[in-house]
Amino acid sequence: MADQDVDVVIVGAGFSGLYLLHRMRELGVSTRVLEAADDVGGTWYWNRYPGARCDIPTTDYTLSFDPALETEWTWSEKYATQPEILRYAQFIATKYGLYSGIDFVTRVEQATWDDAAKRWQVRTDRGETITCKTYVMATGCLSVPKVPDIEGHDRFRGEVYFTSRWPHEGVDFTGKRVAVIGTGSSAIQSIPLIAAQAAQLTVFQRTPNFSIPAYNGPAHEERLARIAEDAATYRAEAKLSGGGVPGEPTTLSARAISEDERRARFEEMWAKGGLDMLGCFNDVLVSDEANEILCELIREKIRATVNDPETAESLCPKDHPFGTKRPCVDTNYYATYNLPHVRLVDLRKSPITTITETGIDTTAESLEFDAVVFATGFDAMTGAIVGVDITGREGRTLKDEWAHGPTTYLGVTTVGFPNLFMITGPGSPSVLSNMAVSIEQHVDWVTGAIAHLRDQGWATMEPTETAQQQWGVHVNDCANITLYPVANSWYMGANVPGKPRMFLPYVGGVGPYRLICDEVVEKGWLGFRISGPNGETCNDGKIRELMPDVGMVLQMMATLELPPIESMSADHAREFMAASSAMRPTGPAVGEIVDGTFPAADGSPLAYRLYRPASEGPHPVVVYFHGGGWVLGDHESDDPFCRDLCVRSNAVIISCNYRHAPEARFPAAVHDGMAALGWVADHAEELGGIPGRLAVAGWSAGANIAAVAAQLARDAGGPALVGQLLLTPVTDLGMGTQSYVDNGEGYVLTAALMRWFADHYIDEADRADPLASPLLADDLSGLPPATIITCQFDPLRDEGTAYARALAEAGNEVRHISARGHTHTSLTMVDMIISGAPHREQMGEALRGFFDAMVSR
Ligand code: FAD
Ligand code: NAP
């Protein structure tokens, strides 16, 4: 028998639980909030250590749902203290009459789904059971302290403190010998203040962290003025931003500017202080090289601040890129080590062996203390959720379901657990954002879901496997184009022994995430199975299948409202393409670039560009044909891609022109392709190549020429080719495949543009000629080994796949690489589409493989 039945149970009375309760009251659904603490505030209730404050300017760490709040509450400092933020939570609870809806000192221990009743049974540590239709975990990302994984952690007989469970009455360290274990944000904030009281302070550091000065002071005047003038616009900007704080991201790349410019930019950001340093350069979180530039600039600051060189060096982080562990924001942290009574123990040099009754033993010494402070962090993002014994449909437990890492749809729901919602759960921006903004967005979205169920008379809502699986893929795709996964951080679950390693938050940004959540609703709750007494509805599907950087580039192009190429004349289209190419990143440096000419099939001169590796030659040679639909492009147009191929394959790449349509229509380009192959084969030695070690490659129409040339060379008995690398090739000008339907619009190369290319290039009547459609050749046997790359969102996907299949069926050696989430043009966008890099590496590897295989033959 339940003690109580309500519509909604919310666990947690931090900002998430408070705002959700307010929304539920507005909705008119009966709600109980259950909270382990004896007051509201969550994080700001528990973390009362000295120096605890925000690291997001508090003008922004503000709930924005009610315009009245903007004027009735004013922050006193740029980064408000814990007591002030706690007062803010209490102010909200009082203003909206929320205290009456919360059961304090009540811990939820168990939640079980009753499928017959379509209700959750929630059990508390008071022995009470509450049943509800909807169960919401507003339990916080950083609310479960990690049990210190240190031998003897519970043996110390003196005073023991956890930053995350600080005594309400405060602690006086005057005259005491104090140990602080840990150097994360909590430690870095508290160390200067503990040092100000203690007789002796010893800090035990396992991993040094990057910390940026806060330069705390009065609240940001410019922001206050903007908020006073137009709070709604200011907050709307935050909601669509990357991290939940208004501001334009920089366009400065650390790699692209001079040393002086970098320093100037860095000093400007250092003088500002705070987490804005993450945006010092636009490539900080995606490029090792850019990140290391910034790391070294920060290390210089540490060395310049800390007097003792050995301590300074120990404090310099070297084992993770800046930003991949949450950077700290401090007041006088590094300078604290210059005080005579403060000492750093570098646990990398002498690890802790055990905590004793009286102190801490390391491999080097035994130290005695009066007090030990554990600033050892949290079981982040999942700890509080799996901390409750949750059982869903068919007896599935959440602990088991998440044994290999959390799986969610949008970070807010999970398969097998109907009507269970998580606020800022794993797979949502949460801890990578200003959480005030993320909390409001999640609460609003969950409120919408609850309202939808109620208004439409539905009983349950649960994500589908398909939607959840794809969301996991997308979350990983986003993480994998950044440096985040390389660090042993709590973002990766790496701080808790035995916790599965995976990147827990969603790094795609607060704004894009919000749009995704909205789109899910607009598409009829895409990816949710919603059921009730009258049946079931399910618009199953996947959201965001494009690689995140590909999606971003497409979105950026869409905002430019560029005219479609097929609306232009060929000359105009060529000018347009040349202008676009001028703006792209240049690609990697190669040993040498040489421009020259060779005779076309009709004897006229055609240009080539040769890319030579930096390694000692001679090298194998690849004849490369550029993309551009037989109409556009030239020997320079695929420059960044050719550089990349050259570096990755360690081969000479010769990008050879061919005559273009409509001036020279089919089969001129094919004949020029053969002319190029023949000429390069004949001149291999003088070009710095190894005679006889020749492969052919191409992209799109260029891959069409490469494929045809490989067939012609076979028929002509030479030149002998060791391999063919075909990137998104045209193999059948019938243009009737399903991928033309699926991907005919919206992915740069459209079906209409392909028709425009084909019309310029070749008469309808000739399109089935194998010289135009190599897939249609009668004999596909005896061809050089092929690597064919097709892209998921390419109209040409299916014909590339068909060619790979046909070549394999004809007995050829074939490797087919299917690039998930990519478009016809994305893999060649070197240094722009980072997610294409693994495929570019596969292409380099394929070329190396052709040549290596030839040597071993
Ligand atoms: P919480 O505030 O964590 O509240 C969750 C509540 O759920 C807690 O009160 C807890 O007692 C309760 N609870 C959990 N499990 C149970 C259970 N089983 N039964 C009953 N009750 C339960 N974010 C920022 O954006 N900017 C910052 O500057 C910032 N600074 C931070 C500083 C510190 C020291 C920490 C630890 C975190 C900080 N964060 C910051 C993140 C911060 O956690 C969020 O901003 C926000 O306060 C989270 O609110 P919440 O309501 O979602 O969760
Ligand atoms: P944390 O970042 O996880 O730091 C924990 C520290 O303890 C790390 O230095 C860790 O070292 C060390 N540690 C853990 N186990 C150890 C062991 N067995 N032996 C030695 N050292 C050990 O935790 P936190 O400082 O509490 O911060 C957590 C998050 O809360 C922050 O990243 C931030 O998001 C939020 N926070 C924000 C603020 C703010 O400024 N507003 C303040 C506090 C917290 P390793 O790195 O080697 O594991």
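Counting convention: from 1, in listed order, for ligands and their atoms alike.
- Checked by distance only, ligand 1 and S143 stay at 3.5 Å or farther apart across all their nitrogen or oxygen atoms.
- The shell of residues lying under 4.0 angstrom from ligand 2, judged by heavy atoms, includes L142.
- Using a 4.0 Å heavy-atom cutoff, R53 is listed among the residues neighbouring ligand 2.
- By the criterion of a heavy-atom distance under 4.0 Å, neither the backbone nor the side chain of A52 is placed next to ligand 1.
- A heavy-atom separation below 4.0 Å is found between A375 and ligand 2.
- Taking a 4.0 Å cut-off on heavy atoms, D149 registers as neighbouring ligand 2.
- When non-hydrogen atoms are compared, ligand 1 lies under 4.0 Å from the side chain of Y49 (C-beta onward) but not from its backbone.
- For atom 49 (O) of ligand 1, the closest heavy atom belonging to the protein is I439 CD1, 3.6 Å.
- Nearest to atom 31 (C) of ligand 2 among the protein's heavy atoms is S185 OG, 3.6 Å.
- Among the candidates Y19, Y513, Y506, the single residue satisfying the ring pair (Phe, Tyr, Trp, His ring centres under 6.0 Å) test with H442 is Y513.
- The distance between the ring centers of W73 and Y88 falls below 6.0 angstrom.
- Distances below 4.0 Å separate heavy atoms of G12 from the following atoms of ligand 1: 6 (C), 7 (O), 12 (C).
- With a 4.0 Å heavy-atom cut-off, ligand 1 is reached by the backbone of I56 and by its side chain too.
- Polar contact with ligand 1: present for A36 (N/O pair, distance under 3.5 Å).
- Protein heavy atom closest to atom 43 (O) of ligand 1, with residue, atom name and distance, is T43 OG1, 2.7 Å.
- The shortest N/O to N/O separation between Y61 and ligand 1 falls below 3.5 Å.
- The shortest separation from a heavy atom of Y491 to ligand 2 is not under 4.0 Å, leaving the residue out of contact.
- Between F421 and Y135, the gap from one ring centroid to the other reaches at least 6.0 Å.
- Ring orientation note: the planes of Y45 and H168 are nearly perpendicular, at an angle over 60° on the 30°/60° scale.
- Remark: the backbone N or O of S143 is not paired with any side-chain donor or acceptor of W46 at under 3.5 angstrom.
- Contact annotation: T183 has at least one heavy atom less than 4.0 Å from an atom of ligand 2.
- Counting atoms of ligand 1 from 1 in the listed order, those under 4.0 Å from a heavy atom of V388 are 18 (N).
- In this structure, atom 39 (N) of ligand 1 is not in close contact with the protein, since no protein heavy atom lies within 4.0 Å of it.
- Within ligand 2, the atoms closer than 4.0 Å to a non-hydrogen atom of G182 are 6 (C), 7 (O), 9 (O), 12 (C), numbered from 1 in the order shown.
- The ring pair (Phe, Tyr, Trp, His ring centres under 6.0 Å) test with Y161 is passed by exactly one of F369, F173, F374: F173.
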